[in-house]
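Some notes on the structure that comes next.
The figures here come from the full heavy-atom set of this structure, side chains too, leaving out hydrogens, waters and symmetry mates. This one's a predicted model, so the numbers in the text were calculated from it and none came from an experiment.
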Amino acid sequence: MSERNSRTNANDGSDMPRIEHNNYRRAFFVTLLATIVLAVGVAVMWWRLHMSRTAQVEPSIAQTSEAAQPPMRSMSAEHLGAPTQPEMALAPMQLSPQRMQSIGVQIGEVTYQPVNDDIRFYGNVQADERQLAYVQTRFAGWIRKVHADAPGHLVHKGQPLFTIYSPDLVTTEQEYLIARKNQADLQQSSVTGVASGAASLFSATKDRLLQWEIPPSEIAKLDTTGKVITDLTINSPASGYITEKNALPNMYVQPDVHLFTVADLSKVWVLAQVFQNDAGKIKPGNRAEVTVDAYPGRVFEGRVDYLLPQVDIATRTLPVRLVIPNPGLKLRPGMYVNVGLKLPLGRQLVVPGSAVFHSGTRNLVFVYHGDGNIEPREVELGSRVGEQQIVAKGLRAGEQIVISANFLIDSEAQLQAAAGAFTPPPAGAGAAAAMNAPAQTQAIVGLTTDPSPPHKGNNTVRVKLTSSDGKPITGVQVTVTFFMPAMQGMGMAAMKTVVDASDKGGGLYEGRGDLGSGGTWQVTVTATRNGQVIVSQHLTLNATGGM
């Protein structure tokens, strides 16, 4: 009996660890299975809850007047990843007088004025090819002496260039003297035809000398002296510079040899280069003014003579030829000159050039309606004339416009944020404080979100409007606009979400909106009453979540 009990006790002691080990394994697997089932159930419940919330949000967006919650208009899904982003619609804005003064806003007026387009370009002086004089003889001979012995010399009309001996010329001069003497001797002859024949021979000989371009002064010398002129002096036919010289002493020349080229510089050409954008404005006969650094303060006046037909492909300029009178021969070929044209454009509607803001594909002018109200307006532009800009369409004479501080508008997509007094709050703020309230409302704006800070996805937006004396502002239409600029480096287009907040009473307005991404959003809170903006505040919020 004692042995059985002792064996039984021994067996019981050896089986206890094994039983406890099996119990632990069974409990572990049961717990693991329960955890898996619980996780699957939680995941299913989260998915159903997410789908139900999404289904509730979409109908509220589609219903604008019947839904209890005001609708939310989201553009993030449409623009995310879009290849191009259309420019945002233009919206008016309002600035307080203090803010306008602090940023240096100046107001001008749209007016009609007589406009002259002042075009300036450069050019080079050239000899007028229509006034080039070529010196050559009409008879063969030997050059005896050269007076103008180098190219570039300035010669005057009638100044000797060289002397030449020609046997043909000497023979003709002898014939001329004989014919002259015979005419004198036979003019009283009673024989029929003798006097007329002598006169005809004399006239023919003189005509030959004239056709050889012998100067009348040399012929008069023959008549006076009665002696042959062996060395004939050839004078310059014009005043100017010698640009070509082929005459040398003792050189035998033929009538086809160009001995000298004299450029008459009493009038010169200026060959100027005009950009093709201005080519349509210039017409032959336009008055031109030429200045050159060599003569400070001196202005040479001339006119446009001709527009050459070929545009330079490399510089995209069109050659224009001007004719300039050159008193004193001050302008010399090769000189670099400055050219100015004043082209009358008539009476035009103009604004200061600083009033135009170029935004992508649009040109904007900010029209001022008084009391800080500014309206961005798209315009069509004409030519830029000095400091003035011609406006073809979009403005009327007498309207007031902003002529400075347009740099506040960074881009057309951020028109409201950039045109106002924008000062960002500290990064990561869950509730943004009111900022830059217009002076005419003196409102205090409080903006909060649920959750705080907002996250990517659906958020509740609450706006608290309070006047400066602590009274709630009720009965207004409140719009909260979230905007995120495009991120070209990441391939993301601009995103915009507009939330219409409904009046909950006591100056509290609430709405819901879906943010398409985490990150920094620019927020604009606008309150209107009867179509008039009474509050417009700009701030930023940081949303959590990924891009």
Side-chain angles (χ1 to χ4, degrees), residues 90 105-123 267 269-292 297-312 315-325 337-370 374-406 409:
L90 304 179
V105 173
Q106 297 181 6
I107 306 300
E109 186 176 353
V110 183
T111 59
Y112 273 105
Q113 295 182 14
V115 176
N116 292 319
D117 194 358
D118 190 2
I119 303 177
R120 297 192 174 275
F121 42 91
Y122 65 91
K267 288 184 180 180
W269 282 350
V270 170
L271 194 62
Q273 304 296 326
V274 178
F275 288 108
Q276 64 177 18
N277 295 339
D278 297 325
K281 306 175 185 177
I282 302 174
K283 301 292 186 295
N286 287 142
R287 179 173 170 268
E289 293 183 349
V290 173
T291 59
V292 59
R298 179 76 178 271
V299 178
F300 300 86
E301 296 186 356
R303 294 194 176 276
V304 175
D305 180 54
Y306 188 70
L307 278 74
L308 278 68
Q310 182 65 42
V311 174
D312 190 321
T315 61
R316 311 309 303 172
T317 57
L318 179 70
V320 176
R321 190 171 67 211
L322 303 94
V323 176
I324 310 295
V337 297
N338 302 307
V339 182
L341 294 180
K342 293 186 180 296
L343 307 178
L345 301 181
R347 190 174 175 83
Q348 301 285 345
L349 188 68
V350 297
V351 298
S354 60
V356 181
F357 178 76
H358 304 282
S359 173
T361 60
R362 297 190 290 193
N363 298 309
L364 302 178
V365 171
F366 297 92
V367 181
Y368 183 70
H369 296 290
I374 299 175
E375 174 199 355
R377 188 180 299 175
E378 185 174 356
V379 296
E380 293 183 10
L381 302 179
S383 302
R384 176 70 181 255
V385 182
E387 298 298 328
Q388 294 179 323
Q389 176 68 59
I390 297 177
V391 179
K393 185 178 179 181
L395 293 176
R396 298 185 303 272
E399 288 188 302
Q400 290 187 319
I401 55 175
V402 178
I403 61 174
S404 66
N406 289 339
I409 304 176

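Counting only distance, with no hydrogens or angles, the side chain of Arg384 and the backbone of Gln389 share no donor-acceptor pair below 3.5 Å. The closest donor-acceptor contact from the side chain of Gln388 to the backbone of Val385 lies at 3.5 Å or more, if one exists at all.
Residues Glu399 and Glu375 are not in side-chain contact: their nearest non-hydrogen atoms beyond the backbone lie 4.5 Å or more apart. For the pair Val402/Ile107, a side-chain contact is recorded, criterion being any heavy-atom separation below 4.5 Å from C-beta on. For the pair Leu341/Phe121, a side-chain contact is recorded, criterion being any heavy-atom separation below 4.5 Å from C-beta on. Taking the side chain as every heavy atom from C-beta outward, Leu308 and Arg321 approach each other to under 4.5 Å. A 4.5 Å side-chain heavy-atom check between Asp118 and Arg120 finds at least one atom pair inside the cut-off. Taking the side chain as every heavy atom from C-beta outward, Leu395 and Val351 approach each other to under 4.5 Å. Contact check for Ile401 versus Tyr368: no side-chain heavy atoms found under the 4.5 Å cut-off. Counting heavy atoms from C-beta outward, Val365 and Val356 have side chains that approach closer than 4.5 Å.
Atom CD of Gln106 is separated from atom OG of Ser354 by 8.0 Å, given to the nearest 0.5 angstrom. Residue Leu364 holds its CG atom at 6.0 Å from CZ of Arg362, rounded to the nearest 0.5 Å. Note that NZ of Lys342 and CZ of Arg287 are 8.0 Å apart. Values are rounded to the nearest 0.5 Å. Note that CG of Leu318 and CG of Asn277 are 11.5 Å apart. Values are rounded to the nearest 0.5 Å. With values rounded to the nearest 0.5 angstrom, His358 atom NE2 is found 6.5 Å from Leu381 atom CG. In this structure, CG in Leu322 is found 11.5 Å from CH2 in Trp269, a value given to the nearest 0.5 Å.
A side chain to side chain contact (heavy atoms under 4.5 Å, CB included) with Val274 is found for one member of Leu307, Val311, Ile282 and no other, namely Ile282.
For the 3.5 Å distance criterion, the side chains of Glu109 and Thr111 fail to qualify, holding no donor opposite an acceptor.
Minimum heavy-atom separation, Pro319 to Gln310: CD-O, 3.1 Å.
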Inset, instruction - Quick one: do Ile119 and Phe275 satisfy side-chain contact (heavy atoms from CB on, under 4.5 Å)? Show the steps, please. - result: CA-CA 10 Å; Ile119 303 177; Phe275 288 108; over 6 Å; no
Inset, instruction - Mind running side-chain contact (heavy atoms from CB on, under 4.5 Å) on Val391 and Val110 for me, showing each step along the way? - result: CA-CA 9 Å; Val391 179; Val110 183; 6.0 Å; no
